[in-house]
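Beneath this line is the structure, given in structure tokens, with notes to follow.
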Amino acid sequence: MAPVALVDCNNFYASCERVFNPRLEGQPIIVLSNNDGCVIARSNEVKALGIPMGEPWFRIEKLAKRHGIVVFSSNYALYGDLSARVMGILGRFSPRQEIYSIDECFLGLDGFNPCDLRAYAQKIRQVVKQGTGIPVSIGIAATKTLAKLANHVAKKRVQFEGVCDFWQFNCAELDALFSALPVSEVWGIGRRITRRLEAMGITTVQDLKSADPRWIRQQFSVTVERTVSELNGTVCIELEDHATPKQQIISSRSFGTPVTGLQDLSEAVCSYTTRAAEKLRHQGSVAGSIGVFLETNPFKPDEPQYHPSLLIPLVAPTDDTRLLAQAALKGLERIFKPGFLYKKAGILLMSLCPRSEKPQSLFDNPLVESRSAKLMQIMDQINRTMGPDTLKLAGSGLQQPWRMRRSRKSPNYTTCWADLPTVIAN
DNA sequence: ATCACGGTTTGCA
DNA sequence: CTAACGTGCAAACCGTGAT
């Protein structure tokens, strides 16, 4: 049985802010979503106050002030950079690593003796903390679903000191543990399925583990059935140590203030397309079609609502930002209607396939194509070395009045020289 | 009756 | 002062027209 570890950073975004501002140690911290909309990360002190994840900021602003909570806009440049450092260190501890999200990864520990991996896990925690300042917790078990659960236990129970290894439990102990955990803690069991399971009398992890897999499949789906098998120690979800290319790439943002005009929407659509195209090239794919959508504010039911979308097939699959933006803007013009307060716009790249498998067409012009490829390469390189958006399409605009609010962003400590004077001044 | 499809909804993190 | 609620992805689902 090959052990799997799930390493997860504790309160990741809050911890990132603390790394560069140690005075925040022990202080309550929250980090807000894009547009300073709602709470997406909380330090332990804030969790203890009972402020839930996803809570809209405007509803807790007063409470936060009362408790002296330190509030940050999200700073993805900072979190992404620290994430890369943490992942780099973690990768040294196993030849098989699956980076699952910005703050967690699985490590395949095949070949390691499962008898006692706790010391190894403690070593991992110590090295990551020393190298980055970020505290992590580690769960170890036979399947990814169980490792996730073990990680949860490692975080929740202080006596485990950040590491929980299910191999250290016998059957009776495991039964007792699982009977004390709500079914909603299981990876893949979200709000909706939890509600339905509870209605059927399945309320704990143990209940779900001992449910009949065929019945679960019939009532729910293969996905939930797999989850049940994984709880029983049967591997159904393999470790994916090489990133599979995305089937679709979405780029969308809410606006800082409502937008009414086609000009502003065009700028937004143009820059979202630029970001998506960068991701597309990064994974070495081309897109066969591009979708555009607009949204008014659904939280204001009194205002006229309109959420159009349109899918535009491309003449030939491409990864050229200019061609993609052209198509997206043409689509935008077709769905745009004046007289609405738009809150959000976005684009989707679809029908993706590897550049190498792109079908040749009679109308391909090899000279034009190679120029396009070279131009995109140079753009990507300049933006990579000199900072994002150093070189962009004119259609993205300069003022960008629609940009999201981020009034409480910390400096980009690790990725922006220009931000450092702020740091020193503080 | 069955399948492939595309668009929409659901669900998760 | 006021108003203020994220994003990205895949799987499941569903209606349609072709076979």
Side-chain angles (χ1 to χ4, degrees), chain A residues 6 8-9 12-13 30-41 51-62 64 71 73-76 79-80 98-106 144-145 148 151-152 183-197 217-227 237 240 243-258 268 272 275-276 279-280 283 285 288-289 291-293 295-303 307-313 341 343-352 404-408:
Chain A
L6 189 265
D8 193 319
C9 302
F12 183 52
Y13 298 167
I30 67 178
V31 179
L32 300 175
S33 65
N34 279 342
N35 233 352
D36 294 344
C38 33
V39 175
I40 53 166
I51 294 177
M53 192 74 149
E55 188 68 6
W57 167 238
F58 70 87
R59 259 193 234 150
I60 55 156
E61 188 169 0
K62 285 229 173 74
V71 184
S73 302
S74 38
N75 182 351
Y76 283 104
Y79 311 152
E98 173 184 344
I99 297 174
Y100 177 69
S101 73
I102 193 163
D103 75 329
E104 56 190 306
C105 80
F106 293 100
K144 294 210 286 189
T145 304
K148 272 258 186 193
N151 187 279
H152 170 78
V183 71
S184 56
E185 289 303 337
V186 176
W187 187 35
I189 306 297
R191 233 188 23 242
R192 292 298 246 290
I193 294 177
T194 298
R195 203 148 43 89
R196 287 176 57 200
L197 284 170
R217 162 154 202 174
Q218 179 221 319
Q219 292 292 313
F220 296 92
S221 63
V222 276
T223 328
V224 183
E225 185 195 17
R226 280 193 203 116
T227 298
I237 308 171
E240 288 165 36
T244 52
K246 302 273 180 267
Q247 301 172 27
Q248 50 172 311
I249 294 169
I250 299 177
S251 179
S252 71
R253 283 282 172 285
S254 304
F255 304 128
T257 51
Y272 300 164
R275 285 196 53 244
K279 287 195 215 167
L280 182 72
Q283 70 166 28
S285 302
S289 55
V292 205
F293 65 89
E295 276 175 28
T296 46
N297 190 342
F299 295 102
K300 289 187 172 175
D302 297 341
E303 284 175 4
H307 35 96
S309 71
L310 183 66
L311 187 65
I312 304 115
L341 297 173
K343 186 70 174 66
K344 182 177 186 176
I347 67 102
L348 310 82
L349 301 181
M350 318 226 316
S351 324
L352 308 190
M404 63 183 179
R405 285 188 301 272
R406 291 165 93 190
S407 55
R408 300 155 177 276

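So you know, we letter chains A, B, ... as the sequences are listed, proteins then strands, and number each from 1. In what follows, every heavy atom counts, from backbone to side chain, and hydrogens, waters and symmetry copies are set aside. Owing to the predicted nature of the structure, the values given are computational and were not obtained by experimental measurement.
Of the candidates dA12(C), dG8(C), dC5(C), the closest approach to any side-chain atom of Phe299(A) belongs to dC5(C). Picking from dA12(C), dA10(C), dT7(C) the nucleotide with the shortest atom distance to the side chain of Ser252(A) gives dT7(C). Nearest nucleotide to the Asn34(A) side chain, out of dT7(C), dA10(C), dC5(C): dT7(C). Taking every side-chain heavy atom of Arg253(A) into account, dT7(C) is the closest of dG6(C), dT7(C), dA10(C).
With a 6.0 Å radius and a threshold of 12 heavy atoms from other residues, nucleotides or ligands, Arg217(A) has its CZ atom at or below the threshold.
A sub-4.0 Å separation between OP1 or OP2 of dA12(C) and a side-chain N or O of Thr223(A) is present. Contact between the side-chain N/O atoms of Arg405(A) and the OP1/OP2 oxygens of dA3(C) is not found at any separation under 4.0 Å. Contact annotation: Ser254(A) does not reach the phosphate of dC5(C) (side-chain N/O to OP1 or OP2, under 4.0 Å). One finds no side-chain N or O of Asn35(A) lying less than 4.0 angstrom from the OP1 or OP2 phosphate oxygen of dC5(C). The phosphate of dC5(C) has neither OP1 nor OP2 within less than 4.0 Å of any side-chain N or O from Lys344(A).
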Problem - Secondary structure of DNA chain C in dot-bracket form (Watson-Crick or G-U wobble, distances below 3.5 Å, | marking inter-strand pairs) - result: ......|||||||||||||
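Protein chain A contacts DNA chain B over a range whose 5' and 3' limits, counting nucleotides with an atom under 4.0 angstrom from a non-hydrogen atom, are dG7(B) to dA13(B).
In this structure, OG on Ser33(A) lies 9.5 Å from CE on Met404(A), to the nearest 0.5 angstrom.
Note: CD1 (Ile347(A)) to P (dG8(C)) measures 10 Å, nearest angstrom. The distance from atom CZ of Arg217(A) to atom P of dA11(C) is 14 Å, rounded to the nearest whole Å. Distance, Ile249(A) CD1 to dA10(C) C1': 14 Å, rounded to whole Å. Taking atom CG on Leu349(A) and atom P on dA10(C), their separation rounds to 12 Å, with Å as the unit. What separates CD1 of Ile250(A) from P of dG6(C) is a distance of 16 Å, to the nearest Å. When rounded to the nearest whole Å, the span between CZ of Arg406(A) and C1' of dC5(C) equals 18 Å.
Across all strands shown, Ser251(A) has heavy atoms under 4.0 Å from sugar-phosphate atoms exclusively, and none from any base. At the heavy-atom level, Asp36(A) lies nowhere under 4.0 Å from the strands shown. Counting non-hydrogen atoms under 4.0 angstrom, Arg191(A) reaches the backbone sugars and phosphates but no base. Across all strands shown, Glu55(A) has no heavy atoms under 4.0 Å from either base or sugar-phosphate atoms.
Nucleotides dC5(C) and dA13(B) are separated by 25 Å at their P atoms, to the nearest Å.
When side chains are defined from C-beta on, Leu341(A) does not count as touching Thr296(A), because their heavy atoms never get closer than 4.5 Å.
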